[in-house]
Amino acid sequence: MKIYLTTPIYYVNAYPHLGHAYTTIVVDVLARFFKLKGWQVFFLTGTDEHGDKIQKTAKEKNKTPEELVDEISLAFKKTWDYFKISYNYFIRTTSSSHKKVVQTLLQKLYEKGEFYLDEYEGYYCIGCERFLTSKELDEKGQCQDHKVAPIYVKEKNYFFNLEKYRNWLKYYLLHHEVIYPEFYREEVLNLLEEELPPLCISRPKSRLSWGIELPFDRDYVTYVWFDALINYLTGIGYPENPKWKDWWIEAHHFIAKDILKPHAVYWPIMLKAMELPMYKKLLVHGYWLVNKLKMSKSLGNIVEPIEISEKYGKDQLRYFLLREMAFGYDAEFNFSNFVQRINADLANDYGNLIYRSFNLVEKYFKTIPEASSLSPLDEEFLETVKKALKDYEKYFLNFQFHRALERLWQAIRSANVYIDRKAPWELIKKGAKEKAGTVLKILLEGIKSFAIALYPVTPETSQIILKTLGINLNSVTWDMVWNFSLLSSSTTISKGKPLFPRIEMEKLSHSITKSSTT
Ligand code: MSP
């Protein structure tokens, strides 16, 4: 089995914030999950480096566009490397390989007669890097996402007739489950009820020089979205690498709802016109909000992912992001939610279970005990864990991460109930050491399954847990979650330090959001 996973390529006009980190972490979690399941994974991320926005930011900072894009692209790469994001390739749209692919495809479309020159006037939002329709403006006539009025532009440009493909796209989306969650598919189908305006695919060099030259008219550069979307092909070696198509038909694009239209309307139509197959899925999530407003550089309410991870841990942040946001919907980021989740789920439920179990084994057995015959309560507990793991896997395959984690936590909580009901410390006092050993062996097998299942979400702590249990991460596969007699009795257990220390509320004196980053 193969899967090709992509994040958006991020604009390099500002440093990465938690919103960018969310999409990238979601894709990393899935890449790790599918690899555990033995799938071949190709994971692409990168930076979108052309366009008005970049040229404007460079000017404001007294830098050349080249200096700006090199600096901020590196900051994205460093951030993903800090988070040990398992991407296979980091694409930059200023690379010569990407420029070549864009120009080849533009030339092909030009020769097919897909472009025409025309005079255009309209309202352009630099933040969105696209013309907005009147419906996309708020009551003040501003862009709803960026809260700024779009600029009026009138110029001669090349256009692409999207309308020609509207019915094809409508039919395709109606008959294929491409867009998830379903309500975004509905949103796109609604958009396709009305005529699509032509897409302006060029910018005159006299106004914007920072872009890829049109191969058929050197007075123009390519519209940044036309350039950017093609990264998904360049990233897998299109057209030279003969394997590109095998990956392409398994393409899963992860985005937030801000860029739904370019991905769900422009991109499929571009592919159709280029006579290339459609991607497989478009997975759309909501926004991280701070006080009900979208977290963004332009609104000045961003959270820095490295800073928060340095303080509270990378796995803690990954868990929080995946658990707190219902994929598709908006979620509020605030410290109180963050601390509550870490303390309740990770420190209390999961961390305590592990610490208590390891502590008892170290104290009374030193090595992993053997299980003797299982009581109905032991069997019942293992059944609960198996069922939760089945659902966890199912939810993961449906991209419902918060549900998956919520379900797994039911099993983690039942493990805490099981240990309390069985009270192995009492059994030892009563001289029933063998029975206590069985309980602890079952618990350690359960913890092993939790640690494997959670490896995609909390890789660092899972690795520590599995190492303590004598399991080498490189040999781990998903199927091991079902095996409750996996652990070797020759493994010596040492409880180590608590993996998820509680966060003390009183220590949180600072505010997490920043008013400006760059
Ligand atoms: N360069 C384009 C994408 C081109 S893809 C061919 C772009 N870049 S961006 O830097 O603005 O990134 C937008 C993406 O960043 C969102 O779609 C989402 O993945 C992520 N997010 C940025 N802010 C976010 C939130 N506040 N909340 C959730 N995700 C956010 O658009």
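Computed from a predicted structure; not experimentally measured. Just so you know, ligand 1 is whichever comes first in the structure, and atom 1 is the first atom listed for that ligand.
For W288 and H20, the ring centers are positioned 6.0 Å apart or more.
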Mind listing the N or O contacts between ligand 1 and protein, cut-off under 3.5 Å?
residue	atom	partner	partner atom	Å
ligand 1	1 (N)	I9	O	2.8
ligand 1	1 (N)	D48	OD2	2.7
ligand 1	10 (O)	Y11	N	3.0
ligand 1	17 (O)	A256	N	3.0
ligand 1	17 (O)	D258	OD1	2.8
ligand 1	19 (O)	T23	OG1	2.6
ligand 1	26 (N)	W288	O	3.2
ligand 1	26 (N)	M295	O	2.8
ligand 1	27 (N)	W288	N	2.8
ligand 1	29 (N)	G19	O	3.4

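Side-chain atoms of Y223 and D52 form no donor-acceptor pair, as typed in the model, at a separation below 3.5 Å.
Annotation: cation-pi pair K314/Y82 present, NZ/CZ under 6.0 Å from the ring centroid and within 45° of its normal.
Y279 and H263 get closest at one heavy-atom pair: OH-O, 2.8 Å. Nearest heavy atom pair, residue L137 against residue Q144, reads O-NE2, 3.5 Å.
The side-chain heavy atoms of K294 and D258, taken from C-beta on, include a pair separated by under 4.5 Å.
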